[in-house]
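Written out below as structure tokens is the structure these notes cover.
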Number of protein chains: 2
Amino acid sequence: MNLTIKRFADEADVGVETVRFYQRKGLLEVPEKENPAGGIRRYGEGDVRRLRFIRKAQRAGFTLEEIKTLIELDANYDHERAHAFATARLRALDAQISELEKARASLRYLAEQCKHQTSGPCPIIAAFEA
Amino acid sequence: MNLTIKRFADEADVGVETVRFYQRKGLLEVPEKENPAGGIRRYGEGDVRRLRFIRKAQRAGFTLEEIKTLIELDANYDHERAHAFATARLRALDAQISELEKARASLRYLAEQCKHQTSGPCPIIAAFEA
DNA sequence: ATGGGGTCCGTACTATAGTACGGAGTCAAG
DNA sequence: CTTGACTCCGTACTATAGTACGGACCCCAT
């Protein structure tokens, strides 16, 4: 594990530019160059874990700004705030999931309607009412 | 129901600017002005239904572009495509929901960890591994 | 009939999350 | 010891979904 930026990015299925973008945002650290005064930066296991965490947290609905906060809380062992933060996001996540489940019900209903009716209206807009 | 744009926007809890934005995007129609050659546009029940649909579909994870397509399918009674579209989105929605459920499990675990440990690490990043 | 709030429309600006580009420098294999 | 792929860094550009602004016009109540 002493990866070039390209191989590092590949570890989490992101592009090199995305890694640099996260670095600029302060989500990833910029490792020192090995030979000072010019050279190439290398990435290790910790970096890979962090990058993968960013992607997972993102899929969990956190913004990059929030993820930055999470990383800081993690680094600082800040239990109080981490707990509050997790709980808040948990609530939001519950709301979001139930929103999506409602939408899923609407879509299922819609798909059924459209499948069995070959003529007449296929009420997309109406399917979402209620 | 013969609303001014402000009252119309209020019906779906959006701003006037947002209504105009949706009109520019082709998601909402721009009603005729009553007295031709200058005046004010009025919005009716159909417009309100449409606007509410847009917000609901958005919460369901559709982009405005997709919502535009849905509205067109609805208008055209296009069963085939509407069914395909609904089915595709249904699959995406299932994936999204299960992603969020995974995240929820991680967050629950994290919240528990942070709650019961008053010292030592509160492993935010670790909570998302697995 | 006039004043103030609402409307119209175009243009510009914002935030989020990247993606692309260009030139200079670096590294490793042949 | 060169060549070609990769790296570095800054700047610019993209898409999505709005939000704000400014001048002209409109309408209703006093």
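Just so we're on the same page: letters track the sequence lines, and every chain starts at 1.
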Identify each donor-acceptor pair in which a side-chain atom of residues 13-30 of chain B lies under 3.5 Å from a protein atom, sequence neighbours left out, and give them as a table.
| unit_1 | atom_1 | unit_2 | atom_2 | d |
| --- | --- | --- | --- | --- |
| B:Tyr22 | OH | B:Arg55 | NH1 | 3.2 |
| B:Gln23 | NE2 | B:Tyr43 | OH | 2.8 |
| B:Glu29 | OE2 | B:Arg50 | NH2 | 3.4 |

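Closest of all the heavy-atom pairs between A:Leu100 and B:Arg59 is CD2-O, 3.6 Å. In this structure, B:Arg41 and B:Pro31 approach most closely via the heavy-atom pair NH1-O, 2.7 Å. Nearest heavy-atom pair across A:Ala127 and A:Leu110 is CB-CB, 4.0 Å.
Between the NZ atom of A:Lys6 and the P atom of C:dA28 there is a distance of 17 Å, given to the nearest Å. The CZ-C1' distance, from B:Arg42 to C:dC8, rounds to 14 Å in whole Å. Per the geometry, CG belonging to B:Leu28 stands 13 Å off P belonging to C:dC8, to the nearest Å. Look at CD1 on B:Ile5: it is 15 Å from C1' on D:dC25, rounded to the nearest Å.
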Summary of protein contacts for nucleotides 13-22 of chain D, nucleotide by nucleotide, where a base hit scores B, a sugar-phosphate-only hit scores S (4.0 Å, heavy atoms): ----BBBBB-
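Checking the phosphate oxygens (OP1, OP2) of D:dC25, no side-chain nitrogen or oxygen of B:Lys33 falls inside 4.0 Å. A:Arg41 has a side-chain polar atom (N or O) that falls below the 4.0 Å cut-off from OP1 or OP2 of D:dC9.
With distances taken from any side-chain atom of B:Ile40 to the nucleotides D:dC27, D:dC8, C:dC9, the minimum falls on D:dC27.
A distance of 8.5 Å separates CD1 of B:Ile67 from CZ of A:Phe128, quoted to the nearest 0.5 Å.
Few gaps surround CD on B:Glu99; more than 12 heavy atoms of other groups in view lie less than 6.0 Å from it.
B:Arg20 comes within 4.0 angstrom of a nucleotide base, judged by non-hydrogen atoms across all strands.
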